[in-house]
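First the structure, in the form of structure tokens, and then the observations on it.
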Amino acid sequence: MIRDITIGQYYPVDSILHHLDPRVKLNGTLLFIISIFLFDTFYGYIAVTLFLLSIIKMSKVPFKFIVKGLKAIIIILLFTVFFNLFLTRGDILVQVGFLKISKQGLHSALFMGLRLIFLILGSSLMTFTTTPNQLTDGLEKLLWPLSYIKVPVHEIAMMMSIALRFIPILLEETDKIMKAQMARGADFESGGIIKRAKGLIPLLVPLFVSAFRRANDLAMAMEARCYRGGKGRTKMKPLHYKGRDGLAYVFLLVYFALVIVISIFENRLPTLL
Amino acid sequence: MIFLQIVFDNVSHVYSSGTTFEQHAIRNINLKIEQGEFIGLIGHTGSGKSTLIQHMNGLIKASSGNIYFNGENINDKNFVMRNLRSKVGLVFQYPEHQLFETTVFKDVSFGPKNLGLDKLEVDIRTYEALKMVGIGEDLFDASPFELSGGQKRRVAIAGILAMRPEVLILDEPTAGLDPLGRDEILNQVSKLQKETGVTVVLVTHSMEDVARYVDRILVMNQGRLVIDQETRKVFARYKELEEIHLAAPQVTYIMNALRDKGFSLKTDATTVEEARDEILKCIKRYM
């Protein structure tokens with residue numbers, strides 16, 4: 001059951017995207033997220049869709065696998081669409097009882113829904129193609145300037161990588177404890193909300209105990225290796241930009257420029273929706 | 001009459017089927033377990049042992065093939081999984097990690113309570129189970145988190161025994177214990193098996209552990225069941241075992257080495273005591 005959650009997972013295949021410097025992917029994701037909020041007409045969405053599809057193609061991650069990640073946000077997505085659809089004032093298209101659908105509502109529901117989907121697809125593509133370690137390495141390097149104003153960048157990155165590293169471990173642990181308690185007749189699936197919440201105690205107590213035990217072990221292991229924080233610490237594999245990273249930046253900037261051009265001129269083009 | 005308790009008919013299981021993470025955990029397993037047997041399940045890490053035993057109480061569903069418990073197909077729509085779970089008690093690896101209650105007694109009674117028994121019956125079973133694993137009354141009200149490693153594990157095993165299973169499956173019950181703790185647990189399981197006639201499946205990767213106790217050994221390698229034989233016969237095939245990175249008990253090697261040197265003795269001893277008697281017999285013949 002827990003294995004089915006694909007969002008935020010790393011997908012190990014050999015592709016151009018997997019070999020890019022994590023900093024490119026981080027900056028790219030940021031740029032992508034900004035870009036989907038820049039425009040307001042159909043033309044922009046065509047550009048974004050094309051860009052996203054080509055990136056997905058390049059990543060070699062199966063499309064089905066990526067779409068599975070959307071399952072996690074389906075409720076938020078439905079909420080967004082629902083509220084935008086029924087609660088936007090404007091020219092009424094359909095009316096059923098007190099529910100009104102306006103032209104503007106339809107427009108914003110569709111576009112907000114698409115934006116959310118793009119947001120999730122774009123950012124999960126980053127995690128599919130970047131290992132957590134690369135990700136934190138990239139983040140640490142990108143945020144490094146902040147250390148001059150006393151922001152503990154290394155510590156933040158270390159905490160992040162530990163947190164990320166522990167997600168699969170704790171998921172596995174949850175699965176194991178759940179099974180162990182099910183073997184003792186525990187029932188996690190039926191009953192009302194109170195019964196279910198109570199039923200979680202046999203799962204949560206051992207899980208917390210094990211999380212603390214693991215944290216303790218890790219802290220001890222780090223101390224034993226003389227870890228003292230980031231000062232003077234070097235990397236075994238420092239990040240270096242390569243030729244393909246430059247190309248990727250050019251590609252990104254061209255895309256971003258295109259979106260900006262569209263957002264400036266979109267109002268002069270004939271409306272499609 | 002022979003009573004077949006668990007039957008595996010061509011059972012396979014695939015994890016994350018259809019993705020790059022796809023993994024064949026067990027392949028085409030055919031297996032018959034009779035009531036009251038004491039079985040050792042041996043294999044290297046990742047050979048599919050844990051997956052196999054989780055099929056036995058329905059925690060994992062077979063990707064293909066059928067499993068029968070007491071003659072009923074457990075994939076049947078009408079089959080009540082809850083009954084299976086109470087009849088096939090599965091003690092996971094490091095079972096002490098599943099303890100959660102405030103006292104030892106309450107923790108052990110979690111299982112029988114889930115069976116929907118009345119309070120008296122729950123208390124009786126809990127008391128019995130704790131006695132069986134050698135936990136004294138002075139510890140009943142202690143927090144399970146205060147106990148020693150070996151005690152915690154025995155409490156966790158009692159948690160399963162309290163459900164009075166017909167089949168008891170133990171996944172590496174001795175992992176991480178010192179030799180004394182290991183012998184204690186295995187002796188108690190063996191005693192329990194003799195007294196109550198419960199079917200026991202003992203999962204381990206150490207031959208040394210099981211040689212003394214089990215009647216029959218199943219050997220898994222890369223998801224397949226490669227050997228299914230009487231204990232002594234399995235150790236006679238120690239060269240095959242080595243090929244899949246398992247070893248026979250040390251006495252097997254000593255006896256075989258002696259025989260290679262020209263001493264005429266039987267090599268099928270499984271414990272140090274048996275080996276000693278056999279060697280003494282042999283020496284007498286020469287004197």
Side-chain angles (χ1 to χ4, degrees), chain A residues 1-6 9-15 18 59-69 128-129 168-191 195 198-214 217, chain B residues 15-23 50-51 53-54 56-61 81-102 106-117 122 143-145 152 156-163 165 168-169 171:
Chain A
M1 49 210 125
I2 286 165
R3 276 169 203 268
D4 292 339
I5 299 171
T6 59
Q9 211 179 326
Y10 178 66
Y11 194 90
V13 279
D14 192 35
S15 81
H18 285 75
S59 75
K60 289 187 185 164
V61 181
F63 192 65
K64 233 174 87 188
F65 192 82
I66 297 177
V67 174
K68 252 170 131 186
F128 284 144
T129 58
I169 293 179
L170 290 179
L171 275 179
E172 207 173 287
E173 193 90 6
T174 312
D175 201 49
K176 231 183 82 184
I177 296 169
M178 243 172 141
K179 278 179 174 167
Q181 306 297 26
M182 273 156 80
R184 296 166 76 188
D187 185 2
F188 295 110
E189 272 135 20
S190 64
K195 194 178 162 241
K198 263 182 145 176
L200 283 180
I201 294 172
L203 174 65
L204 290 180
V205 173
L207 195 61
F208 270 93
V209 171
S210 116
F212 280 115
R213 189 184 57 241
R214 282 179 194 278
D217 288 352
Chain B
Y15 281 118
S16 306
S17 151
T19 68
T20 42
F21 304 108
E22 185 172 289
Q23 208 184 344
S50 294
T51 308
I53 54 169
Q54 287 179 45
M56 291 183 184
N57 75 345
L59 282 173
I60 299 183
K61 248 185 109 182
M81 215 38 117
R82 242 191 139 88
N83 290 347
L84 180 70
R85 301 238 168 96
S86 67
K87 282 177 185 158
V88 181
L90 176 54
V91 181
F92 275 84
Q93 213 170 354
Y94 297 105
E96 59 272 26
H97 292 174
Q98 77 201 25
L99 301 174
F100 68 98
E101 269 290 5
T102 45
K106 274 194 202 165
D107 201 284
V108 174
S109 62
F110 179 67
K113 245 189 229 162
N114 283 329
L115 294 181
L117 305 167
V122 168
S143 160
F145 299 102
K152 274 187 199 168
I157 293 174
I160 297 289
L161 290 178
M163 297 171 77
L168 181 64
I169 305 167
D171 191 356

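Each chain gets a letter, A, B and so on, in the order the sequences are listed, and its residues count up from 1.
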Any side-chain heavy atom of B:N114 within less than 4.5 Å of one from A:D187? no
Show your working on side chain to side chain contact (heavy atoms under 4.5 Å, CB included) between A:K179 and B:L90 and close with a plain yes or no. CA-CA 10 Å; A:K179 278 179 174 167; B:L90 176 54; over 6 Å; no
Most contact-rich option vs chain A, by heavy-atom pairs under 4.5 angstrom, among B:R85, B:Q98, B:R82, B:E101, is B:Q98
When every non-hydrogen atom of A:P206 is compared with those of B:H97, the smallest separation belongs to CB-O, 3.1 Å
Part of B:L84 lying under 4.5 Å from any heavy atom of chain A: neither
Give the intermediate values and the outcome of side chain to side chain contact (heavy atoms under 4.5 Å, CB included) for residues A:H18 and A:V61. CA-CA 10 Å; A:H18 285 75; A:V61 181; 4.3 Å; yes
Structural part of B:Q54 lying under 4.5 Å from a heavy atom of chain A: side chain
Turns out that what part of A:P62 lies under 4.5 Å from chain B's heavy atoms comes down to neither
Is chain A contacted by the side chain of B:L99, its backbone, both, or neither, given a heavy-atom distance below 4.5 Å? backbone
Which residues share a salt bridge (charged side-chain N to carboxylate O under 4.0 Å, His left out) with B:E96, sequence neighbours left out: B:R153
Using a cut-off of under 4.5 Å on heavy-atom pairs, state which of A:K176, A:E173, A:Q181 scores highest against chain B. A:Q181
